[in-house]
> 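One structure, pasted below without further comment.
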Amino acid sequence: MQMKRDGNKSPKEEFNSYLKYSGLGLQLLLTILVAGWVGYKIDGYLSLKFPAFMLLLGLTAFAGSLYQVYRNIRKD
């Protein structure tokens, strides 16, 4: 077991932080992509010329994902 010096994190703790935040970034990206794709399919089903549902669902997913990232960062 390594001792922490001067408040520095051990290599294992740093690696876990990288994994945590890269997972959050991947979650943000996939959530927006899936919501945009579902909105695209709804727009196609309703034969809309303007991608209203794609934008609505994509922006909602973006806002929700950013809130989730904020909560996780604040928890630390």
Side-chain angles (χ1 to χ4, degrees):
M1 188 166 170
Q2 280 186 327
M3 297 292 293
K4 293 181 186 179
R5 295 184 203 156
D6 301 325
N8 293 334
K9 293 183 177 181
S10 70
K12 185 176 181 178
E13 289 174 334
E14 286 183 18
F15 184 70
N16 287 339
S17 293
Y18 292 135
L19 285 178
K20 178 181 177 181
Y21 294 119
S22 63
L24 281 174
L26 186 61
Q27 178 184 356
L28 184 131
L29 178 66
L30 289 176
T31 302
I32 295 168
L33 288 176
V34 168
W37 180 78
V38 169
Y40 175 78
K41 290 296 184 178
I42 292 172
D43 288 332
Y45 179 75
L46 297 175
S47 300
L48 298 176
K49 292 182 182 182
F50 182 75
F53 283 99
M54 184 176 78
L55 290 173
L56 179 69
L57 292 178
L59 290 174
T60 302
F62 179 71
S65 296
L66 281 181
Y67 178 68
Q68 186 69 22
V69 168
Y70 170 75
R71 282 184 36 199
N72 280 320
I73 289 174
R74 191 166 180 227
K75 186 174 24 172
D76 293 339

> Considering only distance and modelled atom types, tabulate donor-acceptor pairs under 3.5 Å from the side chains of residues 53-65, sequence neighbours left out.
unit_1, atom_1, unit_2, atom_2, d
T60, OG1, L56, O, 2.7
S65, OG, A61, O, 2.8

> Are L30 and V69 connected in the hydrophobic side-chain network, where two residues link if heavy atoms are under 4.5 Å apart?
no
> So how far is it from K41 NZ to L46 CG, rounded to the nearest 0.5 Å?
13.0 Å
> Rounded to the nearest 0.5 Å, how far does CD1 of I32 lie from CG of L66?
7.0 Å
> Nearest 0.5 angstrom please: L24 CG to Q68 CD, how far?
7.5 Å
> Spell out, yes or no, whether Y45 and Y40 are grouped together once hydrophobic residues are joined by side-chain heavy atoms under 4.5 Å, including indirect joins.
no
